[in-house]
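Notes to accompany the following structure.
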Amino acid sequence: MNYLIGVDIGTQGTKAVLIDEKGTVLAHSYKGYEVETPRHSWAEQWPDVWEEATWQTISQVIAKAGVAPENIKAVGVSSLYGGSGIPVDKKMESVGPCIIWMDRRAEPETEWVRENIDSDELFAVTGNSVNSYFGFTKILWYKNNRPDIWDRIHHFVPPCSYIVHKLTDTVAVDYSSAGNIGGVFDIRRKEWSAEMMEQLGIPASFMPERLVASTEVAGHVTDEAAKRTGLAAGIPVVIGGVDAPVATLGAGALEEGNHVAMLGTSMCWGFVTDRANLSPGLVSMPHVLNPEEKIYTFGGASTAGAIASWFKDTLGQSETLAAELTGINPYTLLDTEAMNVPAGSNGLLVLPYFMGERSPIWDSHARGAIIGLTLLHKKADIYKALMESVAYALRHNMEEVHGAEIRLDKELTIVGGVSKSLVWPQIIADVTGRPVKVVKDDVEAPLADALLAGIATKTISGPEVVKEWLEYGPLIEPDAANHAVYTEYYRQYLNLYQNIKGSLHEIAELQKMEAGGEVSR
């Protein structure tokens with residue numbers, strides 16, 4: 001029997017799975033870590049935590065599965081969208097932290113781009129707009145604010161490329177990661193845009209020259225990496241790419257019309273298309289399958305599961321204590337309390353913009369809001385309203401493709417931690433009005449990483465086999481009465497942001513003024 005390993009480097013932890021060639025998951029492992037947030041709306045990570053988590057999770061799945069290392073045929077690695085990428089020197093060692101996707105510090109650089117770069121040309125070349133979400137604005141932040149680091153930079157590399165370098169000693173970037181940087185990648189020609197980099201003032205040398213498909217072998221495990229992981233030296237390694245399209249593949253979405261919401265720390269709802277310039281309100285990049293012809297387009301909310309985590313840590317102390325005493329997951333306890341709260345959370349409405357917001361409003365200065373509170377509201381009402389707000393954000397992104405000649409399947413597939421909630425999937429069905437499918441054994445991106453590695457090494461015949469690997473839970477149908485209620489609340493959700501947008505921006509400025517000096521490592 002041949003075996004494959006998939007590794008996904010996430011925002012809050014790294015997951016690895018070991019599967020056989022029939023798609024059976026024989027072992028999985030997880031290593032958590034934190035995001036550094038030295039200021040309001042800043043979010044960064046140093047790559048050493050990803051490196052250590054990769055060594056640990058790979059070695060653990062090999063040990064748990066009890067397979068011979070020589071029977072592991074390939075490894076695939078995907079990662080969170082690393083924003084700026086990791087600034088590295090000529091020795092491929094980090095000289096600064098990776099400014100990740102949720103960071104919003106590059107607002108001045110974003111404004112400079114809007115004032116100095118033709119937005120129509122930017123969209124025509126890259127298939128994307130300008131926002132401090134995109135990596136090229138974060139790269140410009142380094143240029144303008146950290147000359148001590150800027151002068152030492154040889155490359156900016158995505159997290160998955162950095163880890164693959166540590167495994168193989170090769171330097172390459174997959175097409176999806178390149179496209180998701182925005183600004184510097186030509187989405188039609190599938191190459192770095194020398195013209196846009198010249199206009200932006202970003203040296204072309206900062207972008208690694210070698211671009212690879214996610215079904216192409218990027219390198220082979222070195223002797224040193226073999227010692228650290230338990231892998232056999234010389235086995236092929238694939239750069240799976242950005243976690244969102246990889247997870248979409250892992251959920252069985254192969255054709256235009258299939259759409260998947262990946263609901264983990266954040267929310268990414270996306271689909272595969274052949275239209276390179278679909279909407280400036282969404283994010284586009286080459287897909288991890290057939291990147292020469294296919295585009296992965298998605299809309300994303302900055303916070304999804306992160307809101308539930310915030311609530312548990314801030315207001316869920318009793319559930320956390322009860323979990324320690326009973327062994328029941330604290331989120332299960334919170335879900336149970338929210339199950340009896342009616343649609344609309346007894347008149348509460350939340351804006352989930354706790355770290356600014358990505359698509360479709362693209363507002364880094366947006367902030368979270370809880371509206372409608374009275375003395376009659378209970379903790380469960382607030383918790384359910386938070387879950388509803390993420391569903392509203394999902395619906396908002398889905399409506400961005402109306403009139404774009406994209407025919408979406410009626411059914412929506414969801415993956416990620418949110419899909420395991422007792423109530424959240426039903427809320428999503430009721431808010432969007434679409435039946436919801438949940439993958440039973442939700443291994444998300446790591447399964448697709450292993451699939452991509454298998455395709456690259458011909459261990460697996462093709463991507464279609466993923467449909468045979470997956471098992472879905474019962475279809476969750478929307479409740480018509482709840483959908484009607486949520487449609488009214490959704491209308492207020494859209495109005496609320498527009499009505500208090502100015503105040504949210506002023507609050508963001510006050511937070512910025514009150515922030516202390518830059519916190520170094």
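This is a predicted model, so every value here is computed, not measured.
- To the nearest 0.5 angstrom, Leu376 atom CG is 4.0 Å from Thr374 atom OG1.
- In this structure the side chain of Tyr493 never reaches within 4.5 angstrom of the side chain of Val350, judged on heavy atoms.
- A cation-pi geometry, defined here as NZ or CZ lying under 6.0 Å from the six-membered ring centre and within 45° of its normal, does not hold between Arg146 and Trp150.
- By the 30° and 60° cut-offs, the orientation of the rings of Phe185 relative to Trp192 is perpendicular.
- Salt bridge annotation for Asp103-Arg105: present, with a cationic side-chain nitrogen under 4.0 angstrom from a carboxylate oxygen.
- Distance check, rounded to the nearest 0.5 Å: NE2 of His155 to CZ of Phe206 gives 10.0 Å.
- Salt bridge absent: Glu109 and Arg104 never bring a charged side-chain N and a carboxylate O closer than 4.0 Å.
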Next item on the list: Would you sort out whether Glu44 and Ile100 count as a side-chain contact (heavy atoms from CB on, under 4.5 Å), showing the intermediate values?
Entry: CA-CA 5 Å; Glu44 60 191 38; Ile100 67 171; 5.8 Å; no
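- Under the 3.5 Å distance criterion, with hydrogens and angles disregarded, a donor-acceptor pair is assigned to the side chains of Glu399 and Tyr490.
- In terms of modelled atom types and a separation under 3.5 Å, the side chain of Gln45 and the main chain of Thr11 share a donor-acceptor contact.
- Considering CG of Asp243 and CG of Leu80, their distance stands at 6.5 Å, rounded to 0.5 Å.
- With rounding to the nearest 0.5 Å, the separation of OG in Ser205 from CE in Met197 is 9.0 Å.
- Shortest non-hydrogen contact noted between Ile307 and Pro352 is CD1-CB, 3.4 Å.
- The residues Lys379 and Glu337 are annotated as not salt-bridged, no charged nitrogen and carboxylate oxygen being separated by less than 4.0 angstrom.
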Next item on the list: Any chance you could lay out the side-chain contact (heavy atoms from CB on, under 4.5 Å) test for Leu394 and Leu412, step after step, and finish with the verdict?
Entry: CA-CA 11 Å; Leu394 172 59; Leu412 166 67; 3.9 Å; yes
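- More than 12 heavy atoms of other shown residues, nucleotides or ligands fall within 6.0 angstrom of atom CD in Glu52.
- Counting only heavy atoms from C-beta outward, the side chains of Leu494 and His396 approach each other to under 4.5 Å.
- Using modelled atom types, one side-chain atom of Ser84 and one backbone atom of Ile99 make a donor-acceptor pair closer than 3.5 Å.
- Tyr489 and Glu388 form no side-chain donor-acceptor contact under 3.5 Å, judged by distance and modelled atom types alone.
- Note that the CD1 atom of Ile414 and the CD1 atom of Ile428 stand 4.5 Å from one another [nearest 0.5 Å].
- Residue pairs that meet the side chain to side chain donor-acceptor pair (under 3.5 Å) test with at least one member in residues 125-140, sequence neighbours left out, are Glu107-Ser132, Ser132-Ser364, Tyr133-Asn180.
- Remark: the backbone N or O of Met196 is paired with a side-chain donor or acceptor of Ser193 at under 3.5 angstrom.
- One distance of note links CE of Met262 with CZ of Phe298; it measures 8.0 Å at 0.5 Å rounding.
- For the pair Ser214 (side chain) and Ile239 (backbone), a donor-acceptor distance under 3.5 Å is present.
- A side-chain donor-acceptor contact under 3.5 Å links Ser79 to the backbone of Cys160.
- No salt bridge links Glu357 with Arg367; every basic N to acidic carboxylate O contact stays at or beyond 4.0 Å.
- Residues Asp449 and Ser78 bring a donor and an acceptor atom of their side chains to less than 3.5 Å of each other.
- A distance-only check finds no donor-acceptor pair linking the side chain of Asp381 to the backbone of His377 [under 3.5 Å].
- Under the 30°/60° scheme for interplanar angles, the aromatic rings of Tyr392 and Tyr486 are found to stand perpendicular.
- Under the 3.5 Å distance criterion, the side-chain polar atoms of Thr432 are matched with a main-chain donor or acceptor of Arg434.
- Not less than 6.0 angstrom separates the ring centroid of Trp50 from the ring centroid of Tyr162.
- With contacts defined as side-chain heavy-atom distances shorter than 4.5 Å, the pair Val283/Phe134 qualifies.
- Between the side chains of Thr14 and Tyr33, at least one donor-acceptor pair of N or O atoms lies under 3.5 Å.
- At least one donor-acceptor pair closer than 3.5 Å links the side chain of Ser421 to the backbone N or O of Val423.
- In summary, the side chains of Ser302 and Trp101 do not present any donor paired with an acceptor at a separation below 3.5 Å, with no hydrogens or angles considered.
- The closest donor-acceptor contact from the side chain of Lys501 to the backbone of Leu496 lies at 3.5 Å or more, if one exists at all.
- There is no side-chain donor-acceptor pair under 3.5 Å between Asp335 and Thr332.
- More than 12 heavy atoms of other residues, nucleotides or ligands lie within 6.0 Å of CD in Glu509, so this atom counts as buried by the packing criterion.
- Side-chain N/O atoms of Tyr331 and Ser309 include a donor and acceptor closer than 3.5 Å.
- Judged purely by distance below 3.5 Å, without hydrogens or angles, the side chains of Thr54 and Lys31 never pair a donor atom with an acceptor atom.
- The aromatic rings of Tyr353 and Tyr497 stand perpendicular to each other, their planes meeting at an angle above 60°, with 30° marking the opposite boundary.
- For the residue pair Glu121/Gln199, the side-chain donor-acceptor check at 3.5 Å is satisfied.
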Note to self: As a quick check of understanding, evaluate side-chain contact (heavy atoms from CB on, under 4.5 Å) for Leu408 and Phe271, giving each step before the final call.
What the structure shows: CA-CA 8 Å; Leu408 299 174; Phe271 53 91; 4.2 Å; yes
